[in-house]
Amino acid sequence: MNAASLLKNAPAEPTQCTPPAIGGVTPFSSVDWPGQLAAVVFIAGCPWRCHYCHNPHLQTRARSLDWNDVYAFLQKRAGLLDGVVFSGGEPLSEPRLPELMRAVRALGFKIGLHTGGIYPARMAEALPLVDWVGLDIKTTGQRYDALTGRRGSAAPVDTCLDLLLQSDCAFECRTTWHPSWLPEPQLLALAQSLSQRGVKHYAIQAYRSAPGTLATTLPSDTTQRALAACFSSFSCR
């Protein structure tokens, strides 16, 4: 199935255009793009209300930084960092994201994207500009709506994954995990289904009750070994 067919039944996506909803910037990160040193630009706004959301203050579309100031900062970092990651919130909720990506790429940066896979048409538009994607696979398909608080939330994620699998863009899938909402057997079944679809790189991100706190738990060693056997690369974070 080609990209046009995948997008035929995609949900409507936001159309407001100005100004860019910049919610914050991390000047330097070694963990948001595996193997790369990057600045992270956070886009404010997300239609989902995941109960474990790491950045709930970015769920509402509100501008806290001016893009011109962010761009001026990035100009000073050109040549010092490998890339810029657009994260959120949900960065694909920003209608001007491709414009921002083009401006950053013109400075010589590679482009990374963190996304929950909410907006397939936006994903298709952004992919030619992106070097790497971290796609959140939050849970099994039947559990998605309960986790996100929105109906039909699994379908666009499936479409975004198909778009990535059909593209030449490097990507990883990752799951923020806690045993109370995804027991280990279901986690393993989810991972095996991703592997069967062609996913090569997978990561478990341990649930944290608040930013900066220690992980509450990780999958057992047995499950981690089984997960690692499914992919070319696997990590727990």
Side-chain angles (χ1 to χ4, degrees), residues 3 13-14 16-46 54-55 57-58 61-137 160-161 163-174 199-203 205 211 232-233 235 237:
E13 303 184 358
Q16 58 191 116
C17 291
T18 56
I22 309 299
V25 172
T26 297
F28 175 85
S29 171
S30 61
V31 299
D32 285 277
W33 184 344
Q36 304 291 313
L37 302 179
V40 184
V41 176
F42 293 92
I43 302 296
C46 181
H54 195 64
N55 293 321
H57 62 291
L58 294 175
R61 182 176 171 85
R63 183 177 60 155
S64 61
L65 294 174
D66 187 272
W67 169 248
N68 291 329
D69 294 334
V70 174
Y71 183 77
F73 163 75
L74 293 175
Q75 284 180 305
K76 297 176 182 177
R77 306 299 287 174
L80 301 176
L81 297 173
D82 299 313
V84 174
V85 175
F86 288 89
S87 189
E90 171 49 62
L92 292 173
S93 68
E94 172 53 61
R96 293 180 61 185
L97 184 62
E99 174 188 339
L100 308 186
M101 288 179 168
R102 291 187 186 96
V104 170
R105 182 172 286 284
L107 294 175
F109 292 107
K110 293 185 287 188
I111 304 295
L113 174 68
H114 293 171
T115 179
I118 304 175
Y119 299 117
R122 292 278 173 80
M123 171 73 90
E125 183 182 7
L127 271 179
L129 304 169
V130 175
D131 298 285
W132 174 84
V133 174
L135 176 65
D136 293 330
I137 303 294
C160 284
L161 178 55
L163 289 169
L164 281 168
L165 289 166
Q166 292 180 12
S167 77
D168 295 325
C169 185
F171 74 97
E172 73 170 19
C173 292
R174 63 266 189 93
V199 173
K200 303 298 184 184
H201 308 286
Y202 186 59
Q205 299 181 150
S232 299
S233 68
S235 63
R237 300 170 183 159

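What you are looking at is a predicted structure, and each value in this text was computed from that prediction instead of being measured.
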Query raised in the report: In Å and rounded to the nearest 0.5 Å, what is the CZ to CZ distance from Arg237 to Arg174?
Result: 6.5 Å
Query raised in the report: Side chain of Asp131, backbone of Gly112: donor and acceptor closer than 3.5 Å?
Result: no
Report task. Dump the intermediate steps for side chain to side chain contact (heavy atoms under 4.5 Å, CB included) on Thr115 and Leu135, then the final yes or no. Result -> CA-CA 5 Å; Thr115 179; Leu135 176 65; 4.0 Å; yes
Query raised in the report: Okay, side chain of Asn55, backbone of Gly88: is any donor-acceptor separation there less than 3.5 Å?
Result: yes
Query raised in the report: What heavy-atom pair brings Gly45 and Ser93 nearest, and what distance separates the two atoms?
Result: O-OG, 3.1 Å
Report task. Give a yes or no answer on whether the side chain of Ser29 reaches the backbone of Asp32 with a donor-acceptor pair at less than 3.5 Å. Result -> yes
Query - Within-4.5 Å side-chain heavy-atom neighbours: Leu113 and Val85 - result: no
Requested in this report: Can you see which heavy atom on Pro20 is nearest to which on Arg96, and at what distance?
Outcome: CD-NH1, 3.2 Å
Query - Distance (rounded to the nearest 0.5 Å) between Cys169 SG and Leu163 CG - result: 11.0 Å
Query raised in the report: How far does CG of Leu37 sit from CG of Leu81, to the nearest 0.5 angstrom?
Result: 6.5 Å
Query raised in the report: Side-chain contact, heavy-atom cut-off 4.5 Å: Leu65 with Val70?
Result: yes
Query - Side-chain touch Ile118/Cys46, heavy atoms, less than 4.5 angstrom - result: yes
Query raised in the report: So, the side chain of Gln75 versus the backbone of Leu107: is there a donor-acceptor pair under 3.5 Å, distance only?
Result: no
Query raised in the report: Would you call the rings of His114 and Trp132 parallel, tilted or perpendicular if under 30° counts as parallel and over 60° as perpendicular?
Result: perpendicular
Report task. Starting at CD of Glu90, measure out to CG of Leu97 and round the result to the nearest 0.5 Å. Result -> 9.0 Å
Query raised in the report: What do the steps show when you test Phe171 against Leu165 for side chain to side chain contact (heavy atoms under 4.5 Å, CB included), and what is the final call?
Result: CA-CA 9 Å; Phe171 74 97; Leu165 289 166; 3.7 Å; yes
Query - Min side-chain heavy-atom separation Phe86-Val104 under 4.5 Å - result: yes
Query - Side chain proximity check, Leu164 to Leu127, heavy atoms < 4.5 angstrom - result: yes
Query - Which atom of Val84 lies closest to which atom of Phe109, heavy atoms considered - result: CG2-CG, 3.8 Å
**Report entry** Ser64 side-chain N/O to Ile22 backbone N/O, donor-acceptor pair under 3.5 Å
**Finding:** yes
Report summary line: All heavy atoms of Gly89 vs all of Leu58, minimum pair found to be N-CB, 3.5 Å
Query raised in the report: Where is the tightest heavy-atom contact between Pro91 and Ile43, given as atom of each residue plus distance?
Result: CA-CB, 3.7 Å
Report summary line: Minimal heavy-atom distance between Arg61 and Ala21, with the atoms involved, is NH1-CB, 3.4 Å
Requested in this report: Take Trp33 and Val40 through the test side chain to side chain contact (heavy atoms under 4.5 Å, CB included) and record every step on the way to the result.
Outcome: CA-CA 9 Å; Trp33 184 344; Val40 184; over 6 Å; no
Report summary line: In this structure, CG of Leu161 is separated from CE of Met123 (nearest 0.5 Å) by 8.5 Å
Report task. Would you mind reporting whether Pro27 and Phe73 have side-chain heavy atoms less than 4.5 Å apart? Result -> yes
Report task. Measure the spacing between OG of Ser235 and OH of Tyr202 and express it to the nearest 0.5 Å. Result -> 10.5 Å
